[in-house]
There are 2 protein chains.
Amino acid sequence: MEPVPTSHGARRANTIRDVARHAGVGVGTVSRVLNGGERVSAETLDRVQAAIRELGYRPSAAARALSRGVASAIGVTAPHLTSPSVVARLRGVVDTLGNNSYDIGLATVETASQRERRMKQVCQRDHLNGLIVISLHPTAEERRQLIEAELPVVFLDVAPEGFPSVDIDNTAGGRIATEHLLEFGHTALGFIGDLPEPEFEFTSSARRLTGFLDACAAAGIGQNLDWIVRVAHAREAAAVGAETMLRGAKRPTAIFAASDTQALGVLDAARRLGLSVPGDLSVMGFDDLEFAELVGLSTVHQPLVESGRCAADLLLSRMSGDGTPQDDDHVVLPLHLEPRGTTGPPPARSTHTPAGKRGDRPTGHHE
Amino acid sequence: MEPVPTSHGARRANTIRDVARHAGVGVGTVSRVLNGGERVSAETLDRVQAAIRELGYRPSAAARALSRGVASAIGVTAPHLTSPSVVARLRGVVDTLGNNSYDIGLATVETASQRERRMKQVCQRDHLNGLIVISLHPTAEERRQLIEAELPVVFLDVAPEGFPSVDIDNTAGGRIATEHLLEFGHTALGFIGDLPEPEFEFTSSARRLTGFLDACAAAGIGQNLDWIVRVAHAREAAAVGAETMLRGAKRPTAIFAASDTQALGVLDAARRLGLSVPGDLSVMGFDDLEFAELVGLSTVHQPLVESGRCAADLLLSRMSGDGTPQDDDHVVLPLHLEPRGTTGPPPARSTHTPAGKRGDRPTGHHE
DNA sequence: TTGTACGCGTTATCAA
DNA sequence: TTGATAACGCGTACAA
């Protein structure tokens, strides 16, 4: 029992071998006791457990992982946890994974170097059994690495080709939001969304814009390009953008913000300009974050927490599954309109009857 | 280079030995190349790196951890991620740790069995280099295990004796909130906080209540026991509690809610009863969550994100530090009043002069 | 500067 | 049911 100095300098901790010796059994027996005490006589079981207790033995996770040739952890990569939607998704992931006795290796990445380093870690063998990537577009290089590592991975909130993913139909969501405004009779619509990201063809925000444009086109409504504003994803940036939009000689009677956060900025702008909502200006958000209800914001609901659960389930099935690795399997979650207090008819000038049923396409231009 | 079947059945991945053979060098050299290419001739370095690339070699995290005798991960244990304050703290932790190339092992625990399982994981050797526990009171058994595991640990938002911790002075916070109300001249004060937890002597909420009582006593104000309500930590529960309090024949002119979430419930109650805020009723929160500003809630600000950073820093210093393990080191972070729109003078009846100075200790202890 | 051999703590196999 | 022993892949003395 005396401490044995090792090359590491620290006092050596008791190993399974010490336990075996102490209990007068073989290491194999101890191992069996440790992992589901099958096939061990009650008497030896007692002896071994006593030895474990007396020696304060704690198994080595590293050795176990090495021997088994695989870890028991799932990685989760996400952007910085400032975005409420990322947090909500993470919550769903953790919910599901936490009940499956996996370790969860969380990494938030912001800078490119963090991201690269993280990929190195992620792709190590015996480190992770699976990976969930939240709201991060994989670069070509990253895709290559992931495939090479043969790591089961599920993307959440993005849907790169060739990988399983859980996502929503952002274009349809943009349409839903816009149609809601159109049904109130708005014909002067503005849009505020995220900056386009040069490296990636489509972001959620860009898709929502597409839906917006689609719906406008379908309604035969022309577009004022000054009313399509793309700014950094932040409340204040959106406020500034909205303010300039609303200061123009002509101004929109409704603004669709591609996220609730940005909608908040639009509300700020309206307040600063003394515009009443929804009297002078209707404001539509997207996401249905928790504060949306608090503020009474009309928005499009997307199932954030559930999306996390869904991604985790998908990953687990991928990991245990026999299925061919890495074919794609794109889950698209449903959206729905959540009308609240920030949307209503336009200020009255051309007073349209709020359209009864939708689906009836307006017949033409409205002036 | 042909695939070699192993006892595990899977195709064997390339090891450091394969790389060495492929490059015509020894494993030691490869190892040196891997960990900071010192003491390697430029030519062999090239050869080795080429071999690594050609073989698609990826090091085994498990083997490395085993050989090194230590992992490179820090565990974070927290309650379910529904509470905004927990998330904010986590954000701070992840911020700091993410820049130190540690893996972050996140586990949320809700049920007792989850908690027990987590402790098992946490206490394995070679699994974690350190642990941060957020908003979870350790049981006696858990404390024992942690000490035995000699695992550097920092508690956040709780301050158990014998462990380092980062916390705030909840009693002082309760006083700050209450004094703010007293200075407006309120003399009829209500309190809404969490249910007491039988297993632990003091929760944050209980301490805030103590501060509330202290301040009232110092101001010579008697207590109406019907106005001290303790309910589950949830908006709706607080609303119900506040409603019954406000329905009484006599009712308080101000309520201090021990958390912003509960303050939201109090505001709900006021709305339902047609009470204007702060005209008829002043409402005071605690925490300064993000929505507090949104709602214009007067509250006590505590540095949530920063507390996470602080805990992470403390843990890192503990881990690298020579210091004796597990002595305690209780960091207490500062609070400040954040007065906003939900507090004001009482409805006019007894108009007190705003109390002058604080700091004069009341003449006796109040429990 | 490079190569060799051993140890890390566990699991799995197989003979007893 | 049990015990002995061979992997597992990497780090690291130590010898060359």
Side-chain angles (χ1 to χ4, degrees), chain A residues 4-48 51-52 55-72 124-127, chain B residues 4-48 51-52 55-72 121 123-127:
Chain A
V4 179
T6 87
S7 56
H8 298 70
R11 204 179 67 246
R12 220 201 76 217
N14 286 322
T15 74
I16 198 173
R17 205 142 9 213
D18 299 322
V19 175
R21 205 175 309 134
H22 193 86
V25 302
V27 290
T29 306
V30 178
S31 178
R32 262 165 276 146
V33 169
L34 255 31
N35 320 327
E38 319 288 349
R39 278 175 237 198
V40 185
S41 75
E43 191 223 353
T44 36
L45 185 105
D46 278 355
R47 265 220 318 279
V48 170
I52 289 177
L55 264 47
Y57 165 76
R58 294 170 299 125
S60 154
R64 174 171 290 170
L66 175 58
S67 192
R68 282 217 176 107
V70 52
S72 60
Q124 282 186 96
R125 271 176 316 135
D126 310 340
H127 190 53
Chain B
V4 179
T6 90
S7 55
H8 298 71
R11 204 178 67 247
R12 221 200 75 217
N14 285 322
T15 76
I16 197 173
R17 207 146 2 216
D18 299 321
V19 175
R21 205 176 309 135
H22 193 86
V25 302
V27 290
T29 307
V30 179
S31 179
R32 262 165 274 146
V33 169
L34 255 29
N35 319 326
E38 320 288 349
R39 280 174 236 196
V40 184
S41 74
E43 190 225 353
T44 36
L45 186 105
D46 279 354
R47 263 219 319 280
V48 170
I52 289 177
L55 265 46
Y57 166 76
R58 295 170 295 127
S60 154
R64 176 172 291 170
L66 175 58
S67 192
R68 283 217 178 104
V70 41
S72 61
Q121 290 181 350
C123 288
Q124 283 186 90
R125 271 176 318 135
D126 310 341
H127 189 55

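Each chain gets a letter, A, B and so on, in the order the sequences are listed, and its residues count up from 1.
A search for side chain to side chain contact (heavy atoms under 4.5 Å, CB included) contacts involving A:Arg47 returns A:Val25, A:Glu43, A:Thr44, not counting sequence neighbours. Checked against side chain to side chain contact (heavy atoms under 4.5 Å, CB included), A:Ala61 has the following partners two or more places apart in sequence or in another chain: B:Gln124, B:His127. Residues passing the salt bridge (Lys or Arg N to Asp or Glu O under 4.0 Å) test with A:Arg21, sequence neighbours excluded: A:Asp18. Looking at residues two or more places apart in sequence or on another chain, you find a side-chain hydrogen bond (donor to acceptor under 3.5 Å, both in side chains) between B:Ser60 and A:Asp126. Applying the side chain to side chain contact (heavy atoms under 4.5 Å, CB included) test to A:Val70 and every residue at least two apart in sequence or in another chain returns A:Arg68, A:Asn129. Every residue meeting the side chain to side chain contact (heavy atoms under 4.5 Å, CB included) condition with B:Ala65, not counting sequence neighbours, appears here in chain and number order: A:Ala62.
For C:dT2, neither phosphate oxygen OP1 nor OP2 lies less than 4.0 angstrom from any side-chain nitrogen or oxygen of B:Thr29. OP1 or OP2 of D:dT2 has at least one side-chain nitrogen or oxygen of A:Ser41 nearer than 4.0 Å. Distances shorter than 4.0 Å separate none of the side-chain N or O atoms of B:Arg68 from OP1 or OP2 on D:dT12. Within the 4.0 Å cut-off from OP1 or OP2 of C:dT11, at least one side-chain nitrogen or oxygen of A:Ser31 is found.
Each end of the helix from C:dT1-D:dA16 to C:dA16-D:dT1 gets its own axis from five base pairs, and the two axes differ in direction by 30°, given to 10 degrees.
Protein atom NE2 of B:His127 is 14 Å distant from nucleotide atom P of C:dT10, rounded to whole Å. Rounded to an integer number of Å, the gap from CG of A:Leu34 to P of C:dT10 is 8 Å. Summarising the geometry, the separation between CZ on B:Arg64 and P on C:dT10 is reported as 21 Å, rounded to the nearest angstrom. Remark: C1' of C:dC8 and CG of B:Asp126 are 9 Å apart, rounded to the nearest angstrom. The nearest whole Å value for the distance from the CG atom in A:Asn14 to the P atom in C:dC8 is 13 Å.
Checking A:Thr44 against A:Val27, the closest nucleotide of DNA chain D that is more toward the 5' end is the one next to A:Thr44. Toward the 5′ end of DNA chain C lies the nearest nucleotide of B:Gly28, the other residue of the pair A:Pro59 and B:Gly28 mapping further downstream.
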So which protein nitrogen or oxygen atoms get under 3.5 Å of nucleotides 14-16 of chain C's nitrogens or oxygens?
none

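Taking only side-chain atoms of A:Val25, from C-beta outward, the nucleotide of D:dT2, C:dT11, D:dG3 with the closest atom is D:dG3. For B:Tyr57, the listed nucleotide lying nearest its side chain is D:dC10; candidates were D:dC10, D:dT2, C:dT11.
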